[in-house]
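Here the structure is laid out as structure tokens; the discussion comes afterwards.
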Number of protein chains: 2
Amino acid sequence: MLKLTRKVEYALISLRHMQGKSTDSISSTKEIANHYNIPVEILAKTLQHMAKENIIEAINGPRGGYRIKAKLNKINLVEFFEKVEGPLGLSDCFYDANCMQIEFCNIRTPIQRINNNMINMFRSMSVQDITN
Amino acid sequence: MLKLTRKVEYALISLRHMQGKSTDSISSTKEIANHYNIPVEILAKTLQHMAKENIIEAINGPRGGYRIKAKLNKINLVEFFEKVEGPLGLSDCFYDANCMQIEFCNIRTPIQRINNNMINMFRSMSVQDITN
DNA sequence: TTATATCCGATAATTTTAGTCGGATATATT
DNA sequence: AATATATCCGACTAAAATTATCGGATATAA
Ligand code: SF4
Ligand code: SF4
């Protein structure tokens, strides 16, 4: 319970990998996948997704790959998680109302309070706090 | 991502329900399931589990049911989550080493730091902070 | 022209979470 | 004693979410 997804982990591993290299150097999917033992295809998807979100930049063709595009210290972890994985919260009802209990739920308000604490904690950290 | 499970929610809903009644009054599975629109069988399992963990107490027979046994303000949310749902953490590797990336992982340490923050946040709250 | 890379939709497999079933035991009420 | 109502509990099934794979397209450096 309360776990990050592999996709998020793969994204962070990749960003930290790229950040450890000189600014304009390019990392290919295969290079990262091999280095960290990540399935190539799913890593490819993750990187494509991050490129679409303008976190990284894709360079096509041979000798191509990706490099960091955004300022990682300007992206907080809530933004990052939502860009990579989608909405975020302790309970469904904070972003999607399909809950059979919602009408009579007696814990929604207290859970929401805790959810806010958690969100604030993640918002107070940037991606760079992980990749550095 | 980062969601509580239904089981945890059902457990909390039940505890709050029981806490809203006079100390020795008993709540049956059916009563709670009907009141909050929760599937009876799965709620039964959840309540049995909590009884085994000594959070609540089972009374058998007709007019039976459950009542609160533990001091809810003495159980912090990490204990509670782990009793109801099992181990807890942002990444598998903090309680189970079956990760293909673990040998070369470059984010384990920073994630663990954040994990500790999260755990501490939940540990600083008691079940009663939700059920009150 | 060729080889290497990203791109991208569709699909499959796996794991986790959620819910169901069947039959047992305990006990208050009649 | 019989009955009805409740918990107990293991095994099972279903659904959903996550994780991984496939097939074929496009871009471009050498
Ligand atoms: S309404 Fe209550 S039970 Fe439903 S998702 Fe929200 S907090 Fe959970
Ligand atoms: S080793 Fe790294 S990738 Fe594997 S679970 Fe831990 S943090 Fe995640």
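Owing to the predicted nature of the structure, the values given are computational and were not obtained by experimental measurement. Below, chains carry the letters A, B, ... as their sequence lines are ordered, and counting in each starts from 1.
A donor-acceptor pair shorter than 3.5 Å cannot be found between the side chains of Asn115(B) and Gln112(B). Under the 3.5 Å distance criterion, with hydrogens and angles disregarded, no donor-acceptor pair is assigned to the side chains of Arg108(A) and Gln101(A). For the 3.5 Å distance criterion, the side chains of Ser126(B) and Lys74(B) fail to qualify, holding no donor opposite an acceptor.
When rounded to the nearest whole Å, the span between CG of Leu88(B) and C1' of dT17(C) equals 16 Å. Between Asn34(A) atom CG and dA5(C) atom P there is a gap of 10 Å when expressed in whole angstrom units. Between Leu2(B) atom CG and dT17(C) atom P there is a gap of 13 Å when expressed in whole angstrom units. Here dG19(C) presents its C1' atom at 9 Å from NZ of Lys45(B), a figure rounded to the nearest Å. Taking atom CZ of residue Arg63(A) and atom P of nucleotide dA29(D), one finds them 12 Å apart after rounding to whole Å. Counting to the nearest Å, the C1' atom of dA28(C) and the CD1 atom of Ile26(B) are 11 Å from each other. One interatomic measurement links the two molecules: CE of Met100(B) to C1' of dA20(D), which rounds to 11 Å at whole-angstrom precision. Following rounding to the nearest Å, Arg6(B) (CZ) and dA17(D) (C1') show an atom-to-atom distance of 14 Å.
Listed candidates were dC8(C), dT4(C), dC8(D). Nearest to the side chain of Gln48(A) is dC8(C). If you check dT27(C), dG23(D), dA27(D) against the side chain of Glu41(A), the one that comes closest is dG23(D). The nucleotide whose nearest atom lies closest to any side-chain atom of Pro39(B) is, among dC8(C), dG19(C), dC8(D), dG19(C). Nearest to the side chain of Asn60(B), among dC22(D), dC8(D), dA18(C), sits dC8(D). Side-chain proximity of Thr5(A) to the nucleotides dA26(C), dT19(D), dT7(D) is greatest for dT19(D). Side-chain proximity of Ile42(B) to dC8(D), dA18(C), dC7(C): nearest is dA18(C). Listed nucleotides: dG19(C), dC8(C), dC9(D). Nearest to the side chain of Lys52(B): dC9(D).
Residue Lys30(B) places none of its side-chain N or O atoms closer than 4.0 Å to OP1 or OP2 of dT5(D). Remark: Tyr10(B) is in phosphate contact with dG19(C), judged by side-chain N or O atoms under 4.0 Å from OP1 or OP2. The side chain of Ser28(A) places no N or O atom within less than 4.0 Å of a non-bridging phosphate oxygen (OP1 or OP2) of dA5(C).
From Ile59(B), atom CD1 reaches atom CD1 of Ile26(B) across 4.0 Å, with rounding to the nearest 0.5 Å.
Applying the 6.0 Å contact sphere to NZ of Lys21(B) captures more than 12 heavy atoms from other residues, nucleotides or ligands.
Mapped onto DNA chain C by nearest heavy atom, Val40(B) and Glu85(B) fall at different nucleotides, with Glu85(B) at the one closer to the 5' end.
Applying the 3.5 Å distance criterion, the base of dG19(C) shares no donor-acceptor pair with the side chain of Lys7(B).
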